[in-house]
Amino acid sequence: MCKRRRDIRIGVLALQGSFIDHIHILQRLGVTAVPVRLPEQLGKLDGLVMPGGESTTILKLMHNFNLAVPLKEMARSGIPIWGTCAGMICLAKGIYNGMKSLNVMDMVVKRNAFGSQIDSFESNLTISPLGDKPFPCIFIRAPFIERAGLQVEILARLPNGIAVSARQGKLLATAFHPEFTDDPRVHSYFLKMVGSSA
Ligand code: GLN
């Protein structure tokens with residue numbers, strides 16, 4: 001079912017990290033975008049974005065705020081969720097500082113895979129559902145996708161073949177930060193997954 005943009009409500013997990021930037025782009029695209037910190041705020045959402053930041057901190061707060069179980073249920077019930085960078089780590093399989101990630105996407109990621117903060121970089125990459133025009137991908141202490149199951153479609157790779165974006169059903173993951181660019185195409189793509197008619 002397609003909804004008009006202004007009727008779409010996207011939650012942005014606001015425990016830590018770059019949630020404000022996602023909210024601003026989503027609002028620019030005409031949807032209602034709200035910060036989410038409590039389980040009871042998950043109920044009326046058409047989709048959820050899990051931002052970049054520090055996955056160990058985000059996972060710790062997610063468990064402390066009793067969000068992990070409802071977030072897993074949300075993912076399993078088919079509500080679109082997009083994780084950027086630390087958010088991608090939360091969606092994948094793994095245990096970090098003793099805390100379990102949500103393990104809703106069938107893939108293993110490597111944290112801080114390109115080195116430390118000073119090894120951050122930008123690369124123009126083709127993201128398959130966005131067509132031929134490359135997207136400016138900003139990697140900040142980013143993870144990459146080490147292994148992915150058969151149901152996981154890889155959407156983007158670095159020139160050396162390393163996978164940095166994937167989709168599994170209604171779950172989307174990017175190792176980079178589209179919210180730090182002026183290019184709203186990944187956000188628009190996510191809104192299409194949510195079922196926007198615009
Ligand atoms: N290095 C961070 C982590 O492992 C992710 C960085 C980011 O989200 N930009 O959680």
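Indexing begins at 1, ligand by ligand and atom by atom, following the structure's order.
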Q. Between Ile89 and ligand 1, which residue portion shows a heavy-atom distance shorter than 4.0 Å: side chain, backbone, both, or neither?
A. side chain

Q. Do the ring planes of Phe114 and Phe121 sit parallel (below 30°), tilted (30 to 60°) or perpendicular (above 60°)?
A. perpendicular

Q) Is there side-chain contact between Phe190 and Thr174, with at least one heavy-atom pair below 4.5 Å? A) no

Q) What about Thr84: any of its N or O atoms under 3.5 Å from an N or O on ligand 1? A) no

Q: If you have a sec, work out which protein heavy atom is nearest atom 4 (O) of ligand 1 and how many Å separate them, to one decimal?
A: Arg111 NE, 2.6 Å

Q | Protein heavy atom at shortest distance from atom 5 (C) of ligand 1 | A | Gly53 O, 3.3 Å

Q: Measure up the His187 and His22 rings against each other and bin them: parallel (under 30°), tilted (30 to 60°), perpendicular (over 60°).
A: tilted

Q | Gly52: numbered ligand 1 atoms lying under 4.0 Å from its heavy atoms | A | 8 (O)

Q.
Name the residue from Lys93, Glu146, Arg147, Met88 that meets the side-chain contact (heavy atoms from CB on, under 4.5 Å) definition with Val109.
A. Met88

**Q.** Identity and separation of the nearest protein heavy atom to atom 1 (N) of ligand 1
**A.** Asn112 OD1, 2.5 Å

Q. Short N/O distance, under 3.5 Å, between Thr56 and ligand 1?
A. no

(Q) To the closest 0.5 Å, what do you measure between CG (Leu38) and CG (Leu15)? (A) 9.0 Å

Q) Judged by modelled atom types alone, do Thr57 and Gln16 share a side-chain donor-acceptor pair under 3.5 Å? A) no

Q | ligand 1 N/O within reach of Ala86 N/O, cut-off under 3.5 Å | A | yes

Q) Which residue holds the protein heavy atom closest to atom 7 (C) of ligand 1, what is that atom called, and what is the gap in Å? A) Cys85 SG, 2.8 Å

(Q) On a heavy-atom basis, which atom in Asn124 and which in Pro136 lie closest, and how many Å separate them? (A) OD1-CA, 3.3 Å

(Q) Quick check on contacts: which atoms of ligand 1 are under 4.0 angstrom from a heavy atom of Ser55? (A) 3 (C), 4 (O), 10 (O)

